[in-house]
Amino acid sequence: MKRLNHAALLVLVLLLGLSLSGWRCSETSIITNVESAQKVSSSIGNFDGVLDDNDQFGGAVANIGDLGLDGVTDLAVGAPLDDDGGSDRGAVWILFMNDDATVDVEQKISDTEGFFDGLLEDNDQFGSAVAELGDLNGDGLRDIAVGAPLDDDGGTDHGAIWILFLNADGTVLFVQKISELEGGFTGILEDNDQFGGAVANIGDLNNDGVFDLAVGARLSDDGGGDRGAVWILFMNRDGTVLGSQKISDISGEFDGTLVDGDYFGSSVAGIGDLDADGIEDIAIGAIGDDDGGIDRGALWILFMNTDGTVRFEQKISENNGNFGGGLTDGNHFGSAVTGIGDFNEDGTLDIAVGADQDDDGGSNRGAVWILFLESDGEIISKSKISSTAGNFVGPLLDGDQFGSALADVGDLDIDGNLDISVGARLDDDGGIDRGAIWTLFMQQSETDIDVTLFDNK
């Protein structure tokens, strides 16, 4: 039940001629907690892959559907500093999952594994972002997009994404690169834009029957230094780009205010049609936003047009969007974001947002916020999950950066509640910064709060 409009109630009561003495109502608050959690890392969760120090497994995570056709959702997990083939070239792990969120079997995709025949170079950081694309080429199997934000096509760290057409075993059938020089992309990138640092499936925005992508370039200098940008890519079925639209401080009819160092485009997600106008909307993280204090972070909800421009936007930060979550300096709220459907079943879509340098319980342990939304993007209520909140017992340690990646994994344990996978890219299981992911099995309950509206005694 949404918050009551007390002014409207007063008018209604007056019109009906009812007594106002001692009138009370009950307002429902949704409490969201973790029922249980399963970690997957170098030493936990039946993961048999080999991780090395500083691989940062969990730097990205995506629900890729039931690739293995066994009735269980599978995951793609980025390890952007993996050294296969050379220093920090990066990798993606395809995890075929069990319904208890342990790993059944895994397949690595890198410069030397998984039949990936694209050309990676040192420090490309392939695996910094990952998104599922549905069955892009119509062969009955899921495909994925993978970011490589330090790719040098066209100039230093211009960035790129790779479209991977997958086999049922998680190996690669063929690839298509999208960069300033390849894949039909005609947008202009500059040195250090880091196009591909975030990527998301945003549905079929232009209604041509093919899923489209949003791609973050968080260090774009449109309007000022490192303000950031997001590119909307209208896709062809072969993984090339049909057309594109840039959204930034000076492009795409975006009317929000960005300042230097906001890093708009730090994270991106398709969140469904929030305002029910028939067009998919998107969420964009800006971890360097200074609302309320330095680098507390922010999230922008963009209500879209079919041509990839912005119809209107709503900012969520310490000072905007009815959030008021008590963020502190350096939290990096907006480090990750995912749509989670209508989590509280009130008829409006909701989201989960990472704050991977939150200090609950210790320095930079990280946190995740569950945000229950109004159709205009403002917040009805919120729940926090961290080392000290949301019934999550982890354990998390200092510097884990829980909340560095997020994915809605559906109802994995079939208990009627949505479950969420969370990256902790600097977890030290097995060695320094090898990384981990946590799958959170969620539960929610309702609490009724009595509110006295009027009392004329």
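- Under the ring pair (Phe, Tyr, Trp, His ring centres under 6.0 Å) rule, Phe254 has a single partner from Phe303, Phe312, Phe264, which is Phe264.
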Let's go through Asn192 and Gln194 carefully: what are the C-alpha distance in whole Å and the side-chain angles of both, what is the deciding distance for side chain to side chain donor-acceptor pair (under 3.5 Å) to 0.1 Å, and is it a yes or a no?
CA-CA 5 Å; Asn192 205 40; Gln194 297 191 16; 3.1 Å; yes

Check residues 142-154 and write down every donor-acceptor pair under 3.5 Å in which the side-chain atom is one partner and the other belongs to a residue at least two apart or another chain.
unit_1	atom_1	unit_2	atom_2	d
Asp143	OD1	Leu166	N	3.3
Asp143	OD2	Leu136	N	2.8
Asp151	OD1	Asp153	N	2.8
Asp151	OD1	Lys177	NZ	3.4
Asp151	OD2	Lys177	NZ	2.8
Asp152	OD1	Asp157	N	2.7
Asp153	OD1	Lys177	NZ	3.3
Asp153	OD2	Lys177	NZ	3.0
Asp153	OD2	Ser179	OG	2.7

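- For Phe115, the CZ atom counts as loosely surrounded, since its 6.0 Å shell holds 12 or fewer non-hydrogen atoms of other residues, nucleotides or ligands.
- In this structure the side chain of Asp204 reaches within 4.5 angstrom of the side chain of Asp212, judged on heavy atoms.
- Under the 3.5 Å distance criterion, with hydrogens and angles disregarded, a donor-acceptor pair is assigned to the side chains of Ser421 and Thr439.
- Listed by first and then second residue, the salt bridge (charged side-chain N to carboxylate O under 4.0 Å, His left out) pairs involving residues 306-320 are Asp275-Arg311, Asp277-Arg311, Asp289-Lys315, Asp291-Lys315 (not counting sequence neighbours).
- In terms of modelled atom types and a separation under 3.5 Å, the side chain of Asp84 and the main chain of Asp111 share no donor-acceptor contact.
- Within a 6.0 Å sphere centred on CD1 of Ile294, other residues, nucleotides and ligands contribute 12 heavy atoms or fewer.
- The distance from atom CG of Leu120 to atom CG of Asp117, rounded to the nearest 0.5 Å, is 10.5 Å.
- Looking only at distances, no side-chain donor or acceptor of Arg425 sits under 3.5 Å from a matching main-chain atom of Gly78.
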Do Arg296 and Asp290 pass the salt bridge (charged side-chain N to carboxylate O under 4.0 Å, His left out) test, and can you show the C-alpha distance, the side-chain angles, and the key distance before you say yes or no?
CA-CA 6 Å; Arg296 295 195 180 189; Asp290 293 331; over 6 Å; no

Intermediate values then yes/no, side chain to side chain contact (heavy atoms under 4.5 Å, CB included), Ile161 and Leu213
CA-CA 11 Å; Ile161 61 171; Leu213 295 179; 3.8 Å; yes

Take Arg365 and Asp359 through the test salt bridge (charged side-chain N to carboxylate O under 4.0 Å, His left out) and record every step on the way to the result.
CA-CA 6 Å; Arg365 294 193 179 190; Asp359 293 328; over 6 Å; no

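- We find the CG-OG1 distance between Asn331 and Thr328 to be 3.5 Å, quoted to the nearest 0.5 Å.
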Run the side chain to side chain contact (heavy atoms under 4.5 Å, CB included) test on Lys382 and Thr32 for me, step by step, so that the C-alpha distance in whole Å, both residues' side-chain angles and the decisive distance to 0.1 Å come before the verdict.
CA-CA 8 Å; Lys382 57 191 176 290; Thr32 302; over 6 Å; no

What do the steps show when you test Asp350 against Asp342 for side chain to side chain contact (heavy atoms under 4.5 Å, CB included), and what is the final call?
CA-CA 6 Å; Asp350 306 307; Asp342 182 8; 3.7 Å; yes

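- How far CD of Glu132 is from CZ of Phe211: 6.5 Å, rounded to the nearest 0.5 Å.
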Please walk me through it: do Asp428 and Arg434 pass side chain to side chain contact (heavy atoms under 4.5 Å, CB included)?
CA-CA 6 Å; Asp428 292 333; Arg434 295 194 178 188; over 6 Å; no

